[in-house]
Amino acid sequence: AQSVTQPDIHITVSEGASLELRCNYSYGATPYLFWYVQSPGQGLQLLLKYFSGDTLVQGIKGFEAEFKRSQSSFNLRKPSVHWSDAAEYFCAVGRRGNQFYFGTGTSLTVIP
Amino acid sequence: NAGVTQTPKFQVLKTGQSMTLQCAQDMNHEYMSWYRQDPGMGLRLIHYSVGAGITDQGEVPNGYNVSRSTTEDFPLRLLSAAPSQTSVYFCASGFDSYQPQHFGDGTRLSIL
């Protein structure tokens, strides 16, 4: 069975501060991992993906994520958060057949 | 450049009514999926399709029916709506088995 855990339901950071959102996965094979962002009332937008190779992947909007097999983690980071980054963030693992399994999400609030 | 289009955006039903949520994509993607999003539970896979004429169940298929007669369309049917099906429904498509999914903007469904 596969699962994705996002331990932080809600995070608040100050604008300009660094950000790290945690994601742990449970999957028997080599994982295909993704981070998506959802703004209120919108669909999901892909931030970045990891398939194989370099364990540090770069995404859009200045986000990056690091895959750590030993910790079964795929944490999302951003060096300096902007007010427009306030949204809900979802980690997901992809399975054969384009099946995606999502974590429960982390809601990010950015304070000025 | 429409991408994934879901209709309607909002719908209110009475218990026991039936309805079809429409999903269409113009990217010639083979893979399509339906998810429901509930507070604190992330997105859960309802049904998915790996090509025209081929569908399969996801995590939470009960109470929902799908078919895929064309590459472009993947409707989701509620045969007899129940209050537990009140949710936001997302349709997504992908061009390859492990590639990222593109999401529609969702249908917000309330069942009284």
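Atoms considered below: every heavy atom in the structure, side chains included; atoms not considered: hydrogens, waters and symmetry mates. Per chain, numbering begins at 1; letters A, B, ... match sequence-line order. Keep in mind that what you see is a predicted model, and the values were worked out from it rather than measured.
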Could you give me the CA-CA distance, side-chain angles and deciding distance for A:Tyr101 and B:Glu59, then say whether side-chain contact (heavy atoms from CB on, under 4.5 Å) is met? CA-CA 9 Å; A:Tyr101 292 86; B:Glu59 299 173 89; 3.4 Å; yes
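Two different hydrophobic clusters hold B:Val4 and B:Tyr89 under the rule that ILVMFWY side chains link at heavy-atom gaps under 4.5 Å. Hydrophobic clustering of Ile, Leu, Val, Met, Phe, Trp and Tyr side chains at less than 4.5 Å, counting indirect connections, keeps B:Val60 apart from A:Val93. The hydrophobic clustering, which links ILVMFWY residues whose side-chain heavy atoms are closer than 4.5 Å, places B:Val88 and B:Met19 apart. Taking hydrophobic clusters as Ile, Leu, Val, Met, Phe, Trp and Tyr residues chained together by side-chain heavy-atom distances below 4.5 Å, B:Leu13 does not share a cluster with B:Phe90. A:Leu46 and A:Leu108 end up in the same hydrophobic cluster when Ile, Leu, Val, Met, Phe, Trp and Tyr side chains are linked at under 4.5 Å.
When the candidates A:Glu88, A:Gln6, A:Gln42 are compared by the number of heavy-atom contacts under 4.5 Å with chain B, A:Gln42 comes out ahead.
Contact between B:Ser97 and A:Gly97 at its shortest, heavy atoms only, is OG-N, 2.6 Å. Nearest heavy-atom pair across B:Pro100 and A:Phe51 is CD-CZ, 4.3 Å.
Residue A:Ile9: no heavy atom, backbone or side chain, is found under 4.5 Å from chain B. Heavy atoms closer than 4.5 Å to chain A are found in the side chain of B:Gln37, but not in its backbone. Residue contact with chain A, scored on non-hydrogen atoms closer than 4.5 Å, involves the backbone of B:Asp96 exclusively. For a residue to count as touching a neighbouring chain, one of its non-hydrogen atoms must lie under 4.5 Å from one of that chain's; by this rule A:Phe100 touches chain B with backbone and side chain alike.
Proximity to chain A among residues 38-51 of chain B is limited to B:Gly40, B:Met41, B:Gly42, B:Leu43, B:Leu45, B:Tyr48, B:Val50, judged by heavy-atom separations below 4.5 angstrom.
Put simply, the side chain of B:Tyr98 does not reach to within 4.5 Å of the side chain of A:Lys49, judged on heavy atoms.
No side-chain donor-acceptor contact under 3.5 Å links A:Asn98 and B:Gln99.
Aromatic rings from A:Phe102 and B:Tyr35 are positioned such that their centres are separated by under 6.0 Å.
Note that CZ of B:Phe103 and CD of A:Gln45 are 12.0 Å apart. Values are rounded to the nearest 0.5 Å.
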